[in-house]
Amino acid sequence: MTEDVYEAIMEVARRRGILFPAFRIYGGARGFYDYGPLGAVLRRKIVDRWRWYYVHREGFMEVDSPTLGISAVYEASGHVDHFMDPMTQCKECGEFYRADHLIEEELGIDCEGKSLEELNELIEKHDIRCPECGGELTEVTEFNLMFSTNIGPKEGRTGYLRPETAQGIFIQFKDLYRLARQRLPFGVVQIGRAYRNEISPRQGVIRLREFTQMEAEVFFDPEEKEVPHFDRYADEELYFYPIEEQLKEDGEMYRMTVREAVEEGLVEQPIAYFLGLTKRFLTDLGIPDEAIRSRQHLPEERAHYARDCWDVEVKLERFGWVEVVGIADRTDYDLRKHSKHSGEDLRAFKELDEPKVVYRPKPKMNELGPRFKSDAPKVAEALREIEAEDPSELEGGLEVEVNGEKIEVPPECYEVVEEKVSGIRFYPHVIEPSYGLDRILYCVLEHNFDPEKGAFKFPAWLAPIEVCVFPLLKRDDMIDVARKIADELSEAGFIVEYDDSGSIGRRYARADEIGVPYCVTVDHDTLDDDTVTIRDRDTTEQVRVHLDDLEDALRRLLLGEANLEDVGEPFSPSQGS
RNA sequence: GCGGCCGCAGUCUAGUCUGGUAGGACGCGGGCCUUCCGAGCCCGUUGCCCGGGUUCAAAUCCCGGCGGCCGCACCA
């Protein structure tokens with residue numbers, strides 16, 4: 001076999017309706033894929049599992065905001081100015097390249113964080129040319145990854161397809177904070193499409209121009225930045241690959257528990273918690289423990305908004321360690337930015353243990369106005385910032401600074417008022433676990449793929465088809481019974497497929513290929529005693545169960561509550577009738 | 001798209017005519033009291049849609065925009 005696992009998987013995936021390259025009849029377009037019938041189910045099940053962790057268990061609120069945003073949002077978030085990749089183009093054939101990736105491929109060096117000048121120098125110095133045609137390359141320029149469009153007819157207003165779902169949450173902070181009953185910490189999740197106009201997507205479903213994110217934004221009081229139920233995943237063991245190991249010549253990842261990592265100061269508690277959760281989630285999907293590591297971002301690769309960031313990476317045959325989840329400490333960056341740009345106060349409020357009393361000069365505008373004319377509002381503003389613990393400090397006039405000049409404010413211009421300060425306002429800090437669904441789905445495919453059989457072996461609950469029902473022979477009496485069973489199982493909630501084409505062996509193989517965990521077969525005995533066989537995908541062993549027990553047996557099998565031998569009498573075809 | 005009405009806390013609303021930077025109710029948070037499904041009391045918290053103009057000063061007056069509702073038109 002010359003083809004690698006990636007190609008084998010994509011071949012089965014395309015043939016059996018998991019993934020299709022998009023727009024195929026028109027020649028396709030890089031960076032876009034369709035989910036076929038089975039892929040769509042698989043995707044849904046992964047999303048549902050994620051929801052179970054984040055919405056059900058963590059109790060986070062799920063929202064769903066527009067994928068197209070007005071420009072103000074992305075001006076405030078910094079994406080208009082910062083969400084750029086370095087780009088170069090071949091002068092001969094016109095092909096575009098990501099300059100840093102191209103240099104990395106050609107020279108085998110790390111270009112993360114290099115400036116445009118540095119990239120240009122490298123290209124010139126090493127005479128890097130177009131890998132396609134050998135042509136000369138243009139000067140490296142910045143290219144914004146957001147898709148822009150117009151909102152409304154004609155020129156309209158500039159809009160951007162969202163490059164991440166997160167902003168939709170930040171800009172609704174006020175309402176969400178209220179709905180969280182104004183208590184921190186709280187979390188909000190969003191699952192949806194995001195768009196990035198990648199310069200040259202090349203790795204199949206790993207780098208898409210339209211992809212699905214599952215993101216959580218968890219808001220913390222910066223002074224109490226801890227997950228309350230930390231113990232839930234604290235004893236989870238995982239592989240850590242922190243900055244210092246990455247910088248060593250022979251640096252290695254090492255294994256420890258989430259709790260130990262926090263105690264050793266390797267990673268802060270909330271990020272560690274979500275790393276633990278993520279590992280559990282990924283192993284649920286059939287990705288083995290040793291193919292999952294938590295890698296800390298190097299300072300130069302962190303996004304413009306992140307203080308610390310850890311990726312959860314999954315090891316793939318062809319692509320090596322691939323980031324499937326990023327858990328970033330976005331601090332108060334986003335809320336601050338949106339507060340500033342929108343003028344809305346996106347702070348949280350915290351009551352002090354002891355309210356304190358202060359005294360303030362309350363400006364009398366009808367005195368200030370005539371006296372200071374156009375400076376009156378500034379004087380008033382300056383007065384409002386004065387605060388004293390003792391009212392006598394405010395008696396007999398005050399001095400304020402306006403436009404760099406000191407101004408005497410006579411006492412008749414203000415009134416000393418007592419004010420109770422009962423709390424403080426602050427911007428919450430955000431920890432953001434962000435999952436790339438499409439990449440995760442590919443990892444699930446690869447790690448559940450048996451290259452020998454060319455077949456998937458998904459965890460039973462995850463299989464896009466849960467049960468196949470076959471008549472042993474294409475005989476009307478068996479067909480009728482099998483169809484009826486399939487129908488009843490379907491009504492009971494199972495994802496069922498009925499199949500009577502070809503030989504029974506062929507049908508088992510077909511079911512195996514797409515990872516159907518259990519096949520139910522109607523045979524001669526069924527017609528006599530209402531029993532059927534259940535066949536296990538991985539062992540190909542069979543048991544006989546009575547039709548009355550079938551639903552229950554399958555349910556327990558799919559949930560992993562029982563093994564095959566627990567649900568029926570052993571059966572082997574040679575002993576059967 | 002056209003016409004009308006309207007934009008004050010999360011919600012409902014006073015104030016707008018007669019410019020001087022906002023008051024209430026419910027809600028929400030904390031406490032007390034109670035104790036099983038929106039009881040009471042105390043404390044706290046939250047706001048004039050945006051931009052421009054007039055003015056020393058705009059929730060208030062003028063212009064523009066945006067948004068909502070209703071009607072008509074158009075359309076999946």
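Here is the naming used below: chain letters follow the sequence lines, and residue numbers restart at 1 for every chain. Just the heavy atoms: all of them, side chains too, but no hydrogens, waters or symmetry mates, feed the values below. The structure displayed is predicted, hence computed values, not measured ones.
Atom P of B:rG65 sits at a distance of 11 Å from the matching atom of B:rC2, rounded to the whole Å. Remark: the separation of the C1' atoms in B:rG53 and B:rG19 is 15 Å, to the nearest Å. B:rC69 and B:rA22 have their P atoms separated by 32 Å, with the value rounded to a whole Å. A gap of 34 Å separates the C1' atoms of B:rU45 and B:rC56, to the nearest Å. Using atom C1' as the reference point in both B:rA73 and B:rG4, the two lie 15 Å apart (nearest Å). Using P as the reference atom, B:rG64 and B:rG3 are 12 Å apart when rounded to the nearest Å. Annotation: B:rU13 and B:rC6 have their C1' atoms spaced 14 Å apart (nearest Å). Rounded to a whole angstrom, the distance from the P atom of B:rU60 to that of B:rG51 is 12 Å.
When side chains are defined from C-beta on, A:Q190 counts as touching A:D64, because their heavy atoms get closer than 4.5 Å.
Here the C1' atom of nucleotide B:rG10 and the CZ atom of A:R181 are 12 Å apart, to the nearest Å. To the nearest angstrom, P of B:rG51 lies 14 Å from NE2 of A:H341. Taking atom CD1 on A:I424 and atom P on B:rU45, their separation rounds to 13 Å, with Å as the unit. Atom-to-atom, CG of A:L184 to C1' of B:rG29 comes out at 12 Å; the value is rounded to the nearest Å. Distance A:L352 CG to B:rG29 C1': 14 Å, rounded to the nearest Å. Counting to the nearest Å, the C1' atom of B:rC56 and the CE atom of A:M365 are 8 Å from each other. Rounded to an integer number of Å, the gap from A:L179 CG to B:rG27 P is 16 Å. If you measure from atom CG of A:D175 to atom P of B:rG47, you get 13 Å, rounded to the nearest angstrom.
The residue among A:E344 and A:Q182 whose nearest nucleotide of RNA chain B lies closer to the 5′ end is A:Q182. The residue among A:K364 and A:F349 whose nearest nucleotide of RNA chain B lies closer to the 5′ end is A:K364.
The partner of B:rG20 is B:rC56, judged by Watson-Crick or G-U wobble contacts that both fall below 3.5 Å. When both distances must be under 3.5 Å, the Watson-Crick or G-U wobble mate of B:rG51 is B:rC63. The partner of B:rA9 is absent, by the rule that a Watson-Crick or G-U pair needs both atom distances under 3.5 Å. Nucleotide B:rC41 has B:rG31 as its partner under the Watson-Crick or G-U criteria, with both atom distances under 3.5 Å.
For A:K174, the listed nucleotide lying nearest its side chain is B:rG10; candidates were B:rG10, B:rA22, B:rU21. In this structure, the nucleotide among B:rU21, B:rC28, B:rG30 sitting nearest to the side chain of A:R183 is B:rG30. With B:rC56, B:rG10, B:rU45 as the choices, the nucleotide that has an atom nearest any side-chain atom of A:P370 turns out to be B:rC56. In the set B:rG20, B:rU45, B:rC56, B:rC56 carries the atom at the smallest distance from any side-chain atom of A:A376. For A:E351, counting side-chain heavy atoms from C-beta on, the closest listed nucleotide (B:rC28, B:rG30, B:rG10) is B:rG30. You'll find that the side chain of A:K373 is closest to B:rC56, out of B:rU21, B:rG10, B:rC56.
In summary, A:R259 and A:E263 do not engage in a salt bridge, as defined by a charged side-chain N under 4.0 Å from a carboxylate O. Ionic pairing of A:R178 and A:D175 is present here: one or more N-O contacts between side-chain nitrogen and carboxylate oxygen are shorter than 4.0 angstrom. Between A:E164 and A:R330 there is a salt bridge, since a side-chain N of the basic residue sits under 4.0 Å from a carboxylate O of the acidic one. Ion pair A:D48/A:R51 flagged as a salt bridge, since at least one NZ, NE, NH1 or NH2 atom sits closer than 4.0 Å to an Asp/Glu carboxylate oxygen.
Under 3.5 Å, the side chains of A:Y498 and A:D487 contain no donor-acceptor pair of N or O atoms.
For A:R24, the CZ atom counts as loosely surrounded, since its 6.0 Å shell holds 12 or fewer non-hydrogen atoms of other residues, nucleotides or ligands.
Within the structure, a side-chain polar atom (N or O) of A:S422 is placed less than 4.0 Å from OP1 or OP2 of B:rU45. Remark: A:R178 is not in phosphate contact with B:rC28, judged by side-chain N or O atoms under 4.0 Å from OP1 or OP2.
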